[in-house]
Amino acid sequence: MRIADAQVVVTSPGRNFVTLKLTTDEGVTGLGDATLNGRELAVVSYLTDHVVPLLTGLDPHRIEDTWQYLYRGAYWRRGPVTMAAIAAIAAVDVALWDIKAKAAGLPLYQLLGGASRDRLATYGHANGRDIPELLDSVRQRLDEGYPAVRVQTGIPGLKAVYGVHTTGAQGERVLHQQTRPLVEDWDTDAYLRHTPAVFEAVRAEFGAGIPLLHDAHHRLTPIQAARLGKDLEPYRPFWLEDCTPTENQEALRLVRRHTTTPLATGEVFNTVYDYQTLITEQLIDYVRSAVTHFGGVTPLRKLFDFAAQYQIKSAIHGPEDISPVGMAAAVHLGFAVHNFGIQEYSGHNALTEEVFRHAYAFTDGHLHPGEAPGIGVELDEKLAAAHPYEQTYLPVNRLLDGTVHDW
Ligand code: EZ4
Ligand code: CO
């Protein structure tokens, strides 16, 4: 079998998604997600200009070899080109796994070692501009069946904060769809004072048993993160995510010395090297990389096996900007590895679910990959074409004096 055709499909059924579709000379197709939120066209160019011309004629069964060929062959690894390249390589990798599993007539998880559990526990997002609105949102997630909930609120005195939906003129939710970056504002001290009160209110309302998560989105210094971790301890958070900008891995040594609050990080990482210190020194409890942004199933499986030696678990990034193709790959991988931790899951809007029909199912707050061969996703190319690319930016964040800050 040979790869006969490679096509890059860009569609925006509510937000942009980039999908690679490979077709073999035997008519077997494979899909891979290459969506890099806010920088989508960089990956499209990387794929169409530099990767697609290499793919035709390759043996689709040689997944490891093709991954190494694209990663090592590019020479310029990690930094400058990686942001685009890793998503491009991920798309090829997942499309090849999809083809291999379809050729075998098996769902992908079977090729990864088979099921290690019956279903995947997920967490959903609850948010509110203030605590009462947050409590309503938590109640909604629990009613939907989510076994765990991430809690994010607005902060008194601040206009717009990560994770809290701002409301548009028609009352519609405006998230990341911006033609210029939305400017959010930030005051670390106000945040550090407010967040323990948020956890206290949620625990008072819903009790001690529900796993609660929180994302600090890279905005703290190590000593501030240590303070927050300590202050949250009485409320036993499931984790504190991305407390510092963790491209400085050593920062978490200081945080770790001060708190037993579990730590999660890695959604912006691209390679296992980004995790070396974090894993070998056991500075984190969960690795957060997405299939799409870590180069595919092949390297993410290796990361999970490495992490398992240190009792660190998986927590694959699953925001709306991971397409159903990327989510399907995550669900198959999580189903198969022993050290599955939790899966972030927000679902997608109805139109996206039509563009990408998928076999994985979300029931009672849990995901199951389904039994369709491959990753189990079908792309409706006509519907995708009817919803073309829309320019969009992620927000930026400024301190109250105007200084740019992590958002
Ligand atoms: O901000 O995926 O844990 N989830 C997150 C996400 C990221 C977006 C960026 O594209 O932090 O909401
Ligand atoms: Co996050």
Side-chain angles (χ1 to χ4, degrees), residues 12 14-18 33-43 83-84 86-87 90 122-127 137 141 146 148-153 160-166 173-178 181-182 184 186 191 195 211-220 225 228 237-247 252 261-270 274-275 278 284-294 314-327 330 341-349 352 390-397 405-407:
S12 186
R15 72 183 319 136
N16 293 316
F17 295 113
V18 178
D33 177 25
T35 308
L36 189 62
N37 199 7
R39 293 293 187 269
E40 296 87 354
L41 299 186
V43 189
M83 285 303 284
I86 277 288
T122 69
Y123 69 91
H125 293 185
N127 54 74
S137 179
R141 295 293 90 79
Y146 279 100
V149 183
R150 189 188 83 163
V151 293
Q152 310 286 142
T153 58
V161 170
Y162 165 77
V164 180
H165 302 299
T166 39
R173 286 189 352 176
V174 178
L175 189 54
H176 292 328
Q177 300 295 319
Q178 302 291 335
L182 173 76
E184 300 182 338
W186 186 248
Y191 167 76
T195 305
L212 296 179
L213 300 81
H214 181 70
D215 191 345
H217 226 242
H218 320 274
R219 286 169 306 194
L220 305 177
L228 181 61
F238 184 89
W239 78 40
L240 174 60
E241 173 179 338
D242 289 337
C243 57
T244 61
T246 37
E247 55 262 49
L252 290 192
T261 291
L263 301 176
T265 197
E267 68 186 43
V268 300
F269 290 172
N270 312 123
D274 301 325
Y275 282 105
L278 297 175
I284 53 173
D285 301 280
Y286 295 90
V287 293
R288 296 270 302 131
S289 290
V291 173
T292 309
H293 303 138
F294 203 74
S314 78
I316 296 180
H317 193 205
E320 295 100 326
D321 47 283
I322 298 291
S323 86
V325 175
M327 181 55 63
I342 197 163
Q343 175 64 55
E344 182 180 31
Y345 184 72
S346 306
H348 294 95
N349 69 18
T352 302
E390 287 176 49
Q391 171 113 49
T392 186
Y393 285 98
L394 289 165
V396 297
N397 199 11
H405 194 64
D406 296 280
W407 65 270

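All ligand and atom numbering here is 1-based and tracks the order in the structure.
- Y191 pairs by the side-chain hydrogen bond (donor to acceptor under 3.5 Å, both in side chains) definition with H214, not counting sequence neighbours.
- Residue W407 places a heavy atom less than 4.0 Å from ligand 1.
- Of all atoms in ligand 1, numbered sequentially from 1 with element shown, those under 4.0 Å from a heavy atom of P319 are 2 (O).
- Below 3.5 Å of separation, one finds an N or O of E241 facing an N or O of ligand 1.
- Screening W239, Y286, Y345 against Y123 for a ring pair (Phe, Tyr, Trp, His ring centres under 6.0 Å) leaves a single residue, W239.
- Take R219 and apply the salt bridge (Lys or Arg N to Asp or Glu O under 4.0 Å) test, not counting sequence neighbours, and it matches no residue.
- Neither side chain, D321 nor T35, offers a donor N or O lying under 3.5 Å from an acceptor on the other.
- Remark: ligand 1 and D215 share an N or O pair separated by less than 3.5 Å (distance only, no angle test).
- Partners of P211 according to the side chain to side chain contact (heavy atoms under 4.5 Å, CB included) rule, which considers only residues two or more places apart in sequence or in another chain, are A148, F238.
- Per-residue contacts place R150 under 4.0 angstrom from the following atoms of ligand 1 (heavy atoms of the residue considered): 3 (O), 4 (N).
- Inclusion of Y162 in the set of residues having an N or O under 3.5 Å from an N or O of ligand 1 is warranted.
- Taking distances strictly below 2.8 Å, the protein N/O/S atoms close to the Co ion (ligand 2) are D215 OD2, E241 OE2, E267 OE1.
- Separating the OG1 atom in T292 from the CG atom in N37 is a distance of 11.5 Å, to the nearest 0.5 Å.
- The distance from atom CD1 of I86 to atom NE2 of H293, rounded to the nearest 0.5 Å, is 10.5 Å.
- In this structure, the separation between CD on E267 and NE2 on H218 is 5.0 Å, given to the nearest 0.5 Å.
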